Amino acid sequence: MTDRATMLLDAEQEELRQAVREFVERDVAPRVVEYNREGALPDDLVEKAISMGLVGGVIPEEYGGSGMDYLAWTMCVEEVARYCTALAAVIGYPSSLVGQGLLRWGTEEQKHRFLVPVARGQQRAATAITEPDAGSDAASLRTLAVAHGDHYVLSGQKTWISNANVCDWMLVFATLDPTQGRKGITAFVVERDSAGIITRPIAHKLSSRISDTGEVFLDGVVVPAENRLGAEGEGWQILLASVGAGRLHVAARSVGIAQGSLEMALAYARERHAFGRQIASLQLVQAMLADMAVATETARLLVRRAAVEWDRSAGGDDYWTSLAKLHAARAAMQVAHDAVQIHGAYGMSDELHVERQFREAKMQEIVDGTNQIQQLIIARRMKEMA
Ligand SMILES: Cc1cc2nc3c(=O)[nH]c(=O)nc-3n(C[C@H](O)[C@H](O)[C@H](O)COP(=O)(O)OP(=O)(O)OC[C@H]3O[C@@H](n4cnc5c(N)ncnc54)[C@H](O)[C@@H]3O)c2cc1C
């Protein structure tokens with residue numbers, strides 16, 4: 001099958017893509033079923049991703065990163081997600097949900113203290129927005145920050161936080177005044193070992209089983225004023241920027257899921273026989289494969305279009321980011337679903353990649369803004385552009 005993943009990449013980006021593909025096919029693909037059964041992402045794979053500069057992503061070299069452009073970074077995330085979404089997330093977070101706020105609002109001192117070790121893979125971080133009663137409606141978050149001279153005191157609860165139990169620090173969004181809505185929201189870098197923080201793992205998940213997710217309880221946590229990111233009340237802008245980059249990351253991850261599922265379905269359709277023929281020669285199977293290719297290729301094109309906007313200007317263009325996130329997440333879901341269908345009963349077994357990719361696909365339609373939230377953003381932008 002022609003490899004369309006090269007599309008729109010220059011020679012340097014294509015060289016990087018080949019190196020990532022080689023790493024994934026040599027080191028990840030043969031082990032991914034086994035380590036998912038065992039329930040942990042092997043440290044040596046993370047180390048290798050760090051040494052290849054994948055974790056450094058778009059963070060500039062002066063802040064410990066690899067200084068990639070967004071097109072190259074999304075392509076790396078896609079290549080890794082063909083087989084392992086957990087490793088793709090490790091590559092994605094520093095440049096997106098976790099590091100984007102520090103990159104754009106951090107002081108030099110904050111960048112050197114918090115961003116550099118994360119970009120180098122020496123530390124892990126989390127971003128805590130979601131609360132038990134505030135998900136899509138993030139502006140209604142209730143975690144309270146009370147100013148006391150040279151420090152703030154944070155109290156509240158967060159949930160469904162990636163890396164909550166394994167991070168060195170977390171970017172916590174709190175409000176100085178719940179009656180102020182978005183205007184009260186302020187961002188803080190909170191060190192994980194601060195007194196008053198308890199985290200609890202969320203287990204038995206449909207997706208993301210080998211990645212940490214947890215609840216966070218903040219009970220009178222003292223945060224020095226120098227750990228406030230941006231100005232008081234500037235948190236909403238930081239939140240939008242963090243989640244915006246997160247959406248680009250999730251969109252790229254979704255293309256990887258779709259691509260990996262499509263390749264596996266095609267290979268299986270060529271080897272499996274029914275009614276005396278390869279199932280790949282049955283027209284109803286061909287129709288599924290054709291629809292899977294359309295979904296995957298269009299999703300990739302949209303992700304590259306959105307990435308180009310991020311390379312043009314900080315924060316990209318939320319119209320293209322949301323189009324890419326919505327379409328790619330749906331594509332991942334559709335393609336992974338049809339890949340299981342083409343595998344018949346074998347698609348139900350965790351011995352094959354399609355079962356895992358099917359479970360991972362669902363998550364992409366929820367995290368960093370559900371499909372419905374992307375639809376609302378696209379419609380709002382269309383109204384503004386009309
Ligand atoms: C594995 C995993 C990891 C995560 N990691 C993080 C993390 O690191 N940090 C973090 O802060 N959060 C994280 N989240 C949380 C995630 O971002 C939220 O789940 C997501 O924003 C949706 O919020 P919710 O689950 O509360 O759903 P809700 O907001 O309660 O939505 C429920 C349903 O209502 C729909 N809905 C809501 N509002 C509207 C509307 N206005 N119009 C139409 N439909 C609407 C939604 O689309 C959805 O279908 C994670 C979640 C998962 C599953």
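Just so you know, these numbers come straight off a predicted model, no measurement behind them.
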- Scan side-chain atoms only and decide if Gln100 and Tyr93 contain a donor-acceptor pair under the 3.5 Å cut-off. no

Item to complete: Show the numbers, then the answer: is there a salt bridge (charged side-chain N to carboxylate O under 4.0 Å, His left out) between Asp368 and Arg253?
Response: CA-CA 12 Å; Asp368 292 6; Arg253 207 159 71 184; over 6 Å; no

**Asked** In this structure, are over 12 heavy atoms from other groups packed under 6.0 Å from Arg124 atom CZ?
**Response** no

ask   = Run the salt bridge (charged side-chain N to carboxylate O under 4.0 Å, His left out) check on Arg359 and Glu355 step by step: do they pass?
value = CA-CA 7 Å; Arg359 288 188 290 98; Glu355 178 268 351; 3.0 Å; yes

CD (Glu79) and OG1 (Thr74) are apart, to the nearest 0.5 Å, by 10.5 Å

message = Would Arg305 and Trp320 count as a cation-pi pair here, with the cationic atom under 6.0 angstrom from the ring centre and within 45° of the axis?
response = yes

May I ask you to check whether Gln13 and Asp69 show a side-chain donor-acceptor distance below 3.5 Å? yes

For a quick check under 3.5 Å, do Thr321 and Trp310 share a side-chain donor-acceptor pair by atom type? yes

Looking only at side-chain N and O atoms, does Asn165 offer a donor or acceptor that is under 3.5 Å from a partner on Thr199? yes

Would you kindly say whether Thr213 and Lys205 are connected by a side-chain donor-acceptor distance under 3.5 Å? yes

Next on the checklist: When you compare the side chains of Asn163 and Asp212, does any donor N or O come within less than 3.5 Å of an acceptor on the partner?
Outcome noted: no

Rounded to the nearest 0.5 Å, the CZ atom of Arg300 sits from the NE2 atom of His327 at a distance of 11.0 Å

Exercise for review: Quick one: sort the Tyr70 and Trp73 rings into parallel, tilted or perpendicular, breaks at 30° and 60°.
Suggested key: perpendicular

Anything under 30° is parallel, anything over 60° is perpendicular, the rest tilted; go ahead and classify Phe114 against Trp169. perpendicular

Give a yes-or-no answer on whether the side chains of Glu232 and Tyr152 include a donor-acceptor pair shorter than 3.5 Å. yes

